[in-house]
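For reference, the structure discussed in these notes is given below.
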2 protein chains.
Amino acid sequence: MDYTRGAGGAAIGARLRRVSEWIDGDATRVYAALGIDFEQRWFGVLNQLARQGPASVGELASALRITHVSVSQTRQSLEKAGIVASETDPADARRRRLTLTEDGARLVERLTPLWRAFEEAALELNAEAGDAVAALDRLDDALARKSLFDRIIAIMPSPASGRSAAPTG
Amino acid sequence: MDYTRGAGGAAIGARLRRVSEWIDGDATRVYAALGIDFEQRWFGVLNQLARQGPASVGELASALRITHVSVSQTRQSLEKAGIVASETDPADARRRRLTLTEDGARLVERLTPLWRAFEEAALELNAEAGDAVAALDRLDDALARKSLFDRIIAIMPSPASGRSAAPTG
DNA sequence: GACATATATGTAGGCGCCTACCTATTTGAA
DNA sequence: TTCAAATAGGTAGGCGCCTACATATATGTC
């Protein structure tokens, strides 16, 4: 048996990461097979800019549920590739507003059918997996209600009680 | 709405990774709160060595479902920390057999109650999430049956049919 | 026995995220 | 108006995995 199927909290994290790697790896191979130079992490930012229009680093980070640092790093990669441009927001000099360049818009247009195929494949996969996405949602919600940290700490015996029990043995 | 809850194949990968980061981050914080110097990736290797005894890099990689390179890197980190020792397998000079050192065995003994608390927290979380682990199993199985790559490629229109349709516009 | 192929594990570099810390700008309270 | 606190996004370094490629050893065929 795959040991991670029987193990605890740390192993669930490892399992999620592993499946994530598997899926991302497959997606990356599709782009490569089509001769498209694309970084997986671009998808979230591009998709959001294409659908919602220009956005700041922080807005994208909130929407994507990742740190602003990740968005900033992705932004730099996208700017280097000429896909995204950014400027200081006129309304707030702390903000950086990201927009698709013309090349970026063309790339998105070119990739949209592919992303539709991704979507369809994901729906098919999800159906086969008995709605894994809904389970992921529930997991997300459960963690938002109470973190794993708090759960673990609540379960652990307090040092004082543990010590008073031991010497009787 | 959190956009990733509505998006496709690439976004499922991102979601899995994000939840994984969340869980791993919490686990890391528990060790830190207890003043224990521990790398999250050590868990899989240590747990396996403690339960199954000495093992080779490849055996651990198979059991943990990660690449031998990851195991090798983790092994190096563990050896540096004096937790694991390794030697060339007498029966096959290509193999490297990993074993827990005395310090390693003591660390595992010390951490076992903590790992039980992890397990219990994970069960609690999983129950709240309506058996997310079973869903993950099903997702795993579905991907093993047919990769996301194959699914996407099967769905995509072939280039020839796409091209013959376009010029009529 | 010779040698092609398979197997085991290492190195190098990269991916996509993170935390800690920092600087600059904006907001709100006194 | 002044200034403390909040907000925005950057740099630096790290985490835990990956692929590509390499070397050494074992196995199997001729």
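Reminder, nothing fancy here: chain letters follow the sequence lines and each chain counts from 1. The model shown is predicted, which means the values in this text are computed figures rather than measured ones.
Among the nucleotides dC17(D), dC18(C), dT19(C), the one closest to any side-chain atom of Arg29(B) is dT19(C). With distances taken from any side-chain atom of Ser70(A) to the nucleotides dG9(D), dC17(C), dA12(D), the minimum falls on dC17(C). Across dG16(D), dT11(D), dT19(D), the shortest atom-to-atom separation from the side chain of Thr67(B) is found for dT19(D). Comparing atom distances between the Arg17(B) side chain and each of dC17(C), dG10(C), dC17(D) picks out dC17(C) as nearest. You'll find that the side chain of Ile66(A) is closest to dC18(C), out of dG9(D), dG10(C), dC18(C).
Within the 4.0 angstrom heavy-atom criterion, only backbone atoms of the sugar-phosphate kind lie near Arg75(A); the bases stay farther away. Across all strands, Val69(A) comes closer than 4.0 Å to base atoms (heavy-atom distances). Within 4.0 Å (heavy atoms only), Glu59(B) reaches no atom of the nucleic acid at all. Residue-level contact check: Glu39(A) touches the backbone only, with heavy atoms under 4.0 Å from sugar-phosphate atoms and none from bases. Nucleic acid contact class of Ser56(B) (heavy atoms, under 4.0 Å, all strands): sugar-phosphate only.
Remark: C1' of dG16(D) and CH2 of Trp22(B) are 20 Å apart, rounded to the nearest angstrom. If you measure from atom CD1 of Ile23(B) to atom P of dC17(C), you get 17 Å, rounded to the nearest angstrom. The distance between atom CD of Gln76(B) and atom P of dT9(C), rounded to the nearest whole Å, is 13 Å. The CD atom of Gln40(A) sits 9 Å away from the P atom of dC17(C) (whole-angstrom rounding). When the C1' atom of dG9(D) is taken as reference, atom CZ of Arg97(A) falls 16 Å away, rounded to whole Å. Put simply, CG on Asp26(B) is 10 Å from P on dT19(C), counting in whole angstrom units. Atom CH2 of Trp42(B) and atom P of dC17(D) are 13 Å apart (whole Å). For the pair Leu60(A) CG and dA8(D) C1', the computed distance is 13 Å after rounding to whole Å.
Salt bridge annotation for Arg151(B)-Asp26(A): absent, with no cationic side-chain nitrogen under 4.0 angstrom from a carboxylate oxygen. A salt bridge between Arg17(A) and Asp24(B) is present, with a side-chain N of the basic residue lying under 4.0 Å from a carboxylate O of the acidic one. Of the charged side-chain nitrogens involved, none lies within less than 4.0 Å of a carboxylate oxygen, so that Arg138(A) and Asp141(A) do not count as a salt-bridged pair. Comment: Glu59(B) engages Arg95(B) in a salt bridge, judged by a side-chain N to carboxylate O separation of less than 4.0 angstrom. The residues Arg18(A) and Asp140(B) are annotated as salt-bridged, a charged nitrogen and a carboxylate oxygen being separated by less than 4.0 angstrom.
Nearer to the 5' terminus of DNA chain C, by closest-nucleotide assignment, is the contact made by Val57(B) (compared with the other of Arg41(A) and Val57(B)).
A heavy atom closer than 4.0 Å to some atom of DNA chain C occurs in Arg94(B), Arg95(B), Arg96(B), these being the qualifying members of residues 81-96 of chain B.
Looking at Leu143(A) and Leu148(A), their side chains come closer than 4.5 Å, going by heavy atoms from C-beta outward. Within the 4.5 Å cutoff, no side-chain heavy atoms of Ser86(A) are placed close to those of Arg97(A). The closest side-chain heavy-atom distance from Leu16(B) to Leu139(B) is below 4.5 Å.
Contact annotation: Gln73(A) side-chain N/O to dA12(D) OP1/OP2 distance is not under 4.0 Å.
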